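For reference, the structure is listed below as structure tokens.
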Amino acid sequence: MAFDFEKLKEDIVSAGKEVGDFAKGATDIARIKINIRTKEDFLQKQYAELGKAYYACVESGEEMHAEACMDSIREVKAEIKRLNEELMDAQGSTVCENCGAKQAAGTNYCQNCGAPLQ
């Protein structure tokens with residue numbers, strides 16, 4: 001029996017592609033998590049600024065104008081939600097067939113309606 005070098009070559013190329021795909025997936029997940037953490041840190045700073053502005057207004061008796069700060073908070077919260085959905089997709093999330101809610105990979109029961117997941 002002769003050794004099949006072509007088969008060995010195909011197996012090595014295939015394994016290399018799988019490792020590359022796995023590394024890319026892990027890199028994407030890490031990038032998304034860093035973006036989420038950065039946005040959450042910014043959100044906490046926005047809350048602190050809002051609190052300082054409120055305190056200053058109450059102390060001085062002035063009227064509070066926080067629309068710009070509130071808009072910024074709303075935008076950051078929406079971006080965090082979007083990034084969390086992107087993270088779930090990157091991690092292989094599933095969708096509940098009963099209610100349509102997105103579930104984290106490896107979840108056995110829907111966290112929204114309690115239906116068993118396949």
Side-chain angles (χ1 to χ4, degrees):
M1 269 189 159
F3 188 76
D4 189 355
F5 283 104
E6 281 301 314
K7 174 75 170 121
L8 177 61
K9 177 184 169 187
E10 290 173 12
D11 290 346
I12 290 171
V13 168
S14 176
K17 286 180 182 177
E18 287 178 23
V19 169
D21 290 345
F22 178 79
K24 182 186 180 310
T27 301
D28 289 344
I29 289 170
R31 177 190 52 80
I32 295 167
K33 286 182 177 182
I34 289 169
N35 283 342
I36 291 170
R37 184 67 192 148
T38 301
K39 299 289 183 191
E40 288 173 341
D41 289 345
F42 179 77
L43 185 61
Q44 291 305 314
K45 289 177 184 173
Q46 290 295 97
Y47 285 141
E49 289 299 317
L50 181 60
K52 286 178 188 177
Y54 177 77
Y55 180 82
C57 287
V58 169
E59 190 174 53
S60 67
E62 294 178 16
E63 186 176 332
M64 178 79 179
H65 298 283
E67 290 80 21
C69 190
M70 295 294 290
D71 289 343
S72 177
I73 288 172
R74 285 185 197 100
E75 289 173 13
V76 172
K77 287 176 77 172
E79 180 65 10
I80 290 171
K81 181 179 179 182
R82 187 195 66 75
L83 286 168
N84 277 315
E85 289 177 6
E86 186 179 337
L87 178 62
M88 286 183 69
D89 288 342
Q91 292 175 329
S93 65
T94 58
V95 175
C96 175
E97 293 178 7
N98 188 50
C99 71
K102 195 176 278 190
Q103 305 298 312
T107 305
N108 294 325
Y109 294 92
C110 177
Q111 295 180 357
N112 188 49
C113 71
L117 301 173
Q118 296 178 348

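Predicted model only: the values in this text are computed from it and were never measured. For the numbers below, each heavy atom of this structure counts, side chains included, while hydrogens, waters and symmetry mates do not.
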Quick one: do R37 and D41 satisfy salt bridge (Lys or Arg N to Asp or Glu O under 4.0 Å)? Show the steps, please. CA-CA 6 Å; R37 184 67 192 148; D41 289 345; 3.1 Å; yes
For T94 and A104, which heavy atoms make the closest approach, and how far apart are they? OG1-O, 4.5 Å
Least distance between heavy atoms, C96 atom then C99 atom: SG-N, 3.4 Å
Check the hydrophobic clustering (I, L, V, M, F, W, Y; side-chain heavy atoms under 4.5 Å; chains of links allowed) and say if I73 and I80 are grouped together. yes
Scan residues 54-66 for pairs that pass side chain to side chain donor-acceptor pair (under 3.5 Å), counting only residues two or more places apart or in two chains. Y55-E59
First locate atom CD1 of I29, then atom CD of E86, and finally report the distance between them rounded to the nearest 0.5 Å. 10.5 Å
For the residue pair L117 and C110, establish whether any side-chain heavy-atom pair is separated by less than 4.5 Å. yes
CD/Q91: more than 12 non-hydrogen atoms of other groups inside 6.0 Å: yes
I34 side, atom CD1; R31 side, atom CZ - distance, nearest 0.5 Å: 9.5 Å
Can you find a pair of side-chain heavy atoms, one from L50 and one from M64, that are under 4.5 Å apart? yes
Kindly say whether Q103 contributes a backbone atom to a donor-acceptor pair with the side chain of Q111 at under 3.5 angstrom? no
Sort and list the pairs that fulfil side chain to side chain donor-acceptor pair (under 3.5 Å) and have at least one residue in residues 66-79, not counting sequence neighbours. Q46-S72, D71-R74, E79-R82
For residues A105 and G92, report the shortest heavy-atom separation together with the two atoms involved. CB-O, 3.3 Å
Atom NZ in K102, atom OG1 in T107: separation rounded to 0.5 Å? 13.0 Å
Interatomic distance, CG@N84 vs NZ@K39, rounded to 0.5 Å, equals 12.5 Å
Calculate, to the nearest 0.5 Å, the distance between atoms CG and CG belonging to D28 and D89 respectively. 12.0 Å
Has M70 got more than 12 heavy atoms of other residues, nucleotides or ligands less than 6.0 Å from its CE? no
